[in-house]
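Report on the following structure.
Values below: all heavy atoms of this structure, side chains included; hydrogens, waters and symmetry mates excluded. The structure presented is a predicted model; accordingly, all values stated were derived computationally and were not measured. Labels below follow one simple rule: chain letters A, B, ... track the order of the sequence lines, proteins then strands, and each chain is numbered from 1.
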Amino acid sequence: MGRFFLTTPIYYVNDAPHVGHAYTTVNADALARWHRLAGDEVFFMTGTDEHGAKVAESAAEHGTEPKNWADQTAARFEAAWRGLDISYDDFIRTSEPRHYRAVQTFLQRVYDNGYIEKGLYQGLYCVRCEDYYTEEELVGGNCPNHGTPVTFMEEENYFFKLDQFTDRLLAWYESEPEAVRPASKRNEALGFIRGGLRPISITRTSLRWGVPVPWDDGHVFYVWYDALINYLTAIGYGTDDERCAAWWPNVHHLIGKEILRFHCVWWPAMCMAAGIDPPANIFVHGWLLFGGEKLSKTMLQRLRRTAEEVKLTDVAPDVLTDDFGVDPIRYHLLRVPLGNDSDFSYDSIVTRYNADLANNLGNLAARVATVVGSKCGGTGPSPDPASPLAPVAAETVAEAGAAWERFAPHEALAATWRLIGAANALLESTEPWKMSPGAELDGVLGSALEVLRIVALLVSPAMPASARELWRRIGLPGAPEDLGVPDDAAWGGYPGGLRVEKGDPLFPRRRS
RNA sequence: GGCGGCGUAGCUCAGUUGGUCAGAGCACACGGCUCAUAAUCGUGGGGUCGCGGGUUCGAGUCCCGCCGCCGCUACCA
């Protein structure tokens, strides 16, 4: 098959990992897992953005060096992703030597191409922050962090001539209508470009914690200018041209809407300036917004927040996974449509969990296992080739695949649950628990088992551990991810003659 | 202020280029079943598609105005 290069943003280490990060990362992970299942060669990366004044400041506050501080805080992200079963192929940190090399190579080319020039940066500066603020950011005319007066400062900076790329960006958007999705986000980016672009300051002399500017000692690159290049670092830009060419520009950047501007305007322009193609696809998703009953009392206590003051960015992913389990939280994050903002609440997780996981999928597995136990001595029969479920399964596999391809995990899962519903309905209409032993009984139960097999395959990108457990319970060897779609999802793959184990409920129903 | 997004059944949301587009899931009601995690299956209820105009043979779907909520506003993930 093809190659699939997928990225999350690299997260800023000064933040603690929260549900918003998890939303992006879990969706990316599921997409990566789907593409592996579909036979693509996948490169899925995430990482951390570690430079900038805030990190240097935090390090100083903790009496340590920025690099040490970044080591500690980057580890929190790695731990969070382990906890969510994230299967990244690379975790890049912008403080790594390989990144310094890539950034310097990339920006030297931009410089050599004439798109960087020296200029004067002026702004309101807080000495203690070692950083500039805009007037809107000030609180009562003072630094929002320290409450102390700011001073007007100016320093020589290098500027990227973003303004020279207006026409090329517009032409790019015109010729690549699918580059930025969904269309509403594309329009937002276009609107910004049409509004007029200005040169942007990309270096600082007031800061040491950053990638040194190769042509001028004393300057370091500033924030986004080094961070965005991480996507190229990871594929060997500047050091392994062959590998880089294999993956670029056919990349998929999955990002949140708050960083649309950097990815959809600056980044393509930077690529053009460096003489490489802009990224093929940037998929912009919305935010999870708290609504309704936000969290349980236990969770609020753990977070030391009240229901009124808790924000989504206060919620660490493990607060949720400790309560619901990893796969149910993954599932919930994946059932949220990727694109617009969505509502997020504790109640909605419970509702979704009970309806989809406990009542439909979990209960289907349980009832099938029970009847196989009582009617077939615990040995699963093979499916009926002419089962009415066969065409439903085929349609589901096709729909799910198409949905994953268009970055719509929620639709892939919705399709899969229609197959689960069809299997539950078939059991109602045929009532195998009333049948006598024979071909008809075997056909119905074998077909139900085949649905479970196909469902395990289809949900494995979303809930890898649960899929493996379901796979094991219906007696299959190996794991779903050892197989491939769509071939192995074709009707009739369940061989029959396997031991079927009921076990405890896969997803115990929740009371509250 | 400027730019952009959103406002569709009790709840959460789908609704390509205007004409079965008035839908899904959850919740609810009634009925069936009792293999199953008080699970499942069937049926049903109808919301002036934020408000007011307009274009059109016909508009959640296009245009204008208004109201409400939200994001971005440049070097701050």
Side-chain angles (χ1 to χ4, degrees), chain A residues 9-15 20-21 24 48-49 52-54 121 123 129 131-134 136-137 144-145 157 159-160 162 183-185 187-204 221-225 227 255-263 265-266 286-287 289 291-292 313 335-337 339-345 347-348 351-352 354-375 410-411 414 417-418 420-421 423-429 431-435 445 448 502 504-511:
Chain A
I10 50 173
Y11 304 111
Y12 198 57
V13 285
N14 244 28
D15 282 340
H21 299 114
T24 307
T48 44
D49 177 10
K54 287 191 176 174
Y121 182 80
C129 290
D131 202 6
Y132 290 90
Y133 291 95
T134 61
E136 297 79 51
E137 289 172 325
N145 285 337
N157 282 174
F159 283 74
F160 174 59
L162 182 62
S184 57
K185 298 295 191 289
N187 289 337
E188 214 169 316
L190 270 172
F192 181 74
I193 296 167
R194 291 188 181 119
L197 301 175
R198 308 203 297 260
I200 49 183
S201 161
I202 62 169
T203 67
R204 284 286 185 280
F221 291 112
Y222 196 59
V223 288
W224 282 101
Y225 254 70
I255 66 165
K257 66 178 183 179
E258 74 283 1
I259 51 179
L260 178 148
R261 175 155 314 164
F262 307 111
H263 284 80
V265 182
W266 294 13
W287 282 359
L289 304 174
T313 50
R335 281 307 298 259
V336 174
N340 290 331
D341 292 352
S342 302
D343 220 52
F344 185 89
S345 72
D347 281 354
S348 65
T351 299
R352 182 98 71 192
N354 279 338
D356 291 359
L357 300 182
N359 296 353
N360 280 294
L361 175 54
N363 185 56
L364 175 64
R367 66 195 305 205
V368 170
T370 297
V371 183
V372 169
S374 63
K375 293 285 182 179
H410 65 292
E411 291 180 27
W417 257 256
R418 286 195 288 276
I420 292 169
N424 272 320
L426 183 77
L427 293 178
E428 290 298 325
S429 61
E431 302 184 303
W433 45 88
K434 288 182 178 175
M435 289 180 179
L445 290 178
K502 180 171 182 187
D504 293 332
L506 215 45
F507 303 103
R509 189 178 162 79
R510 294 179 62 105
R511 268 309 298 152

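B:rG4 atom P lies 9 Å from atom CG of A:Asn187, rounded to whole Å. Atoms CG (A:Leu190) and C1' (B:rU73) sit 17 Å apart, rounded to a whole Å. One can place CG of A:Asp504 at 11 Å from P of B:rU37, the figure rounded to the nearest angstrom. B:rC35 atom P lies 14 Å from atom CG of A:Leu445, rounded to whole Å. The distance from atom CZ of A:Arg418 to atom P of B:rC41 is 14 Å, rounded to the nearest whole Å. Spacing between atom CG of A:Asp341 and atom P of B:rG7 amounts to 11 Å, rounded to whole angstrom units. In this structure, A:Phe221 places its CZ atom 18 Å from P of B:rC75, rounding to the nearest Å. For the pair A:Asp356 CG and B:rU37 C1', the interatomic distance rounds to 15 Å; values are reported in whole Å.
Nearest nucleotide to the side chain of A:Tyr11, out of B:rC33, B:rU37, B:rA77: B:rA77. The side chain of A:Asn424 lies closest to B:rU40, out of B:rC35, B:rC33, B:rU40. Nearest to the side chain of A:Leu506, among B:rA77, B:rC13, B:rU37, sits B:rU37. The side chain of A:Ser184 approaches B:rG5 more closely than any other nucleotide in the set B:rG5, B:rC33, B:rU73. Ranking B:rA36, B:rU37, B:rA77 by closeness to the A:Thr370 side chain, first place goes to B:rA36. Relative to the side chain of A:Tyr12, the nucleotides B:rA77, B:rA74, B:rU37 differ in distance, and B:rA77 lies closest. Closest approach to the A:Leu197 side chain among B:rA74, B:rC75, B:rU40 is made by B:rA74 (side chain taken as heavy atoms from C-beta onward). With distances taken from any side-chain atom of A:Asn363 to the nucleotides B:rC72, B:rU37, B:rC33, the minimum falls on B:rU37.
When all heavy atoms of A:Lys257 and A:Gly286 are compared, the closest pair comes out as CD-CA, 4.3 Å. Smallest separation of non-hydrogen atoms from A:Pro505 and A:Pro508: O-CD, 3.8 Å. The heavy-atom pair separating A:Ala369 from A:Lys502 by the smallest distance is CB-CA, 3.6 Å.
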Handout entry: Derivation and outcome, side chain to side chain contact (heavy atoms under 4.5 Å, CB included), residues A:Thr203 and A:Phe160
Key = CA-CA 9 Å; A:Thr203 67; A:Phe160 174 59; over 6 Å; no
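Map A:Phe192 and A:Arg335 each onto its nearest nucleotide of RNA chain B; the residue landing nearer the 5' end is A:Arg335. Toward the 5' end of RNA chain B, the nearer of the two residues A:Glu188 and A:Pro505, judged by each one's closest nucleotide, is A:Glu188.
The residue A:Ala425 sits close only to the backbone: its heavy atoms come under 4.0 Å of sugar-phosphate atoms, none of a base. At a threshold of 4.0 angstrom between heavy atoms, the contacts of A:Gly196 include nucleobase atoms, whether or not backbone atoms are also involved. Contacts of A:Lys434 with the nucleic acid, taken as non-hydrogen atoms under 4.0 Å apart, involve only primed sugar atoms and P, OP1 or OP2. A:Tyr225 comes within 4.0 angstrom of no nucleic acid atom, judged by non-hydrogen atoms across all strands. A:Leu364 comes within 4.0 angstrom of no nucleic acid atom, judged by non-hydrogen atoms across all strands. Nucleic acid contact for A:Lys502: sugar-phosphate only, since backbone atoms but no base atoms lie under 4.0 Å from a heavy atom of the residue. Contact annotation for A:Ser342: backbone-only contact, meaning every heavy-atom pair under 4.0 Å involves sugar-phosphate atoms and none involves a base. Within 4.0 Å (heavy atoms only), A:Trp266 reaches at least one base atom of the nucleic acid. Nucleic acid contact for A:Arg261: sugar-phosphate only, since backbone atoms but no base atoms lie under 4.0 Å from a heavy atom of the residue. Residue contacts for A:Pro9: at a heavy-atom cut-off of 4.0 Å it reaches no nucleic acid atom on any strand shown. Across all strands, A:Ile200 comes closer than 4.0 Å to base atoms (heavy-atom distances). A:Thr351 comes within 4.0 angstrom of the backbone, heavy atoms only, and of no base.
Look at B:rG18: it lacks any Watson-Crick or wobble partner with both distances under 3.5 angstrom. Checking B:rC62 for Watson-Crick or G-U wobble geometry (two distances, each under 3.5 Å) identifies B:rG54 as its partner. With a 3.5 Å ceiling on both atom-pair distances, B:rU37 lacks any Watson-Crick or G-U wobble partner. Across every strand in view, B:rA74 sits unpaired, with no contact that passes the Watson-Crick or G-U test at under 3.5 angstrom. For B:rC6, the paired nucleotide is B:rG68, the pair qualifying as Watson-Crick or G-U wobble because both relevant distances are below 3.5 Å. For B:rG46, there is no paired base (Watson-Crick or G-U wobble, both distances below 3.5 Å). B:rC13 is paired with B:rG23 under the criterion used here, namely a Watson-Crick or G-U wobble arrangement in which both key atom distances are under 3.5 Å.
Taking the P atom of each, B:rG42 and B:rA27 are spaced 14 Å apart, rounded to whole Å. Rounded to whole Å, the C1' atom of B:rG58 lies 37 Å from the corresponding atom of B:rG2. Comparing B:rU8 with B:rG25, their C1' atoms sit 15 Å apart, to the nearest whole Å. B:rA22 sits 31 Å from B:rG4 when the P atoms are compared, rounded to a whole Å. Taking atom P on both B:rC26 and B:rC62, the two are 30 Å apart, rounded to the nearest angstrom. Between the C1' atoms of B:rG19 and B:rA59, the separation comes to 9 Å (whole Å). Here, B:rG46 and B:rA24 have their P atoms 14 Å apart, quoted to the whole Å. Distance check on atom C1': B:rC70 versus B:rU56 gives 33 Å, rounded to whole Å.
The structure places CD1 of A:Ile200 at 3.5 Å from OH of A:Tyr225, a figure rounded to the nearest 0.5 Å. Taking CZ of A:Arg367 as the reference point, atom CH2 of A:Trp433 lies at 4.5 Å (rounded to 0.5 Å).
Contact check, A:Arg198 against B:rA74: no side-chain N or O comes under 4.0 Å of OP1 or OP2.
Checking side-chain atoms of A:Thr370 against main-chain N and O of A:Ala366 turns up a donor-acceptor pair under 3.5 Å. Checking side-chain atoms of A:Asp49 against main-chain N and O of A:Ala227 turns up no donor-acceptor pair under 3.5 Å. Under the 3.5 Å distance criterion, the side-chain polar atoms of A:Asn157 are left unmatched by any main-chain donor or acceptor of A:Arg204.
Below the 3.5 angstrom threshold, one finds a donor paired with an acceptor across the side chain of A:Glu428 and the base of B:rG32. Counting distance only, with no hydrogens placed and no angle test, the side-chain atoms of A:Asn359 and the base atoms of B:rA39 include no donor-acceptor pair under 3.5 Å.
A glycosidic torsion no more than 90° from 0 defines the syn conformation, and B:rG60 adopts it.
Stacking between A:His410 and B:rA14 is absent: the aromatic ring centre is not both under 5.5 angstrom from the base six-membered ring centre and within 30 degrees in plane angle.
With A:Ile420 as the partner, the side-chain contact (heavy atoms from CB on, under 4.5 Å) test is satisfied by one option alone out of A:Asp356, A:Asn359, A:Leu361: A:Leu361.
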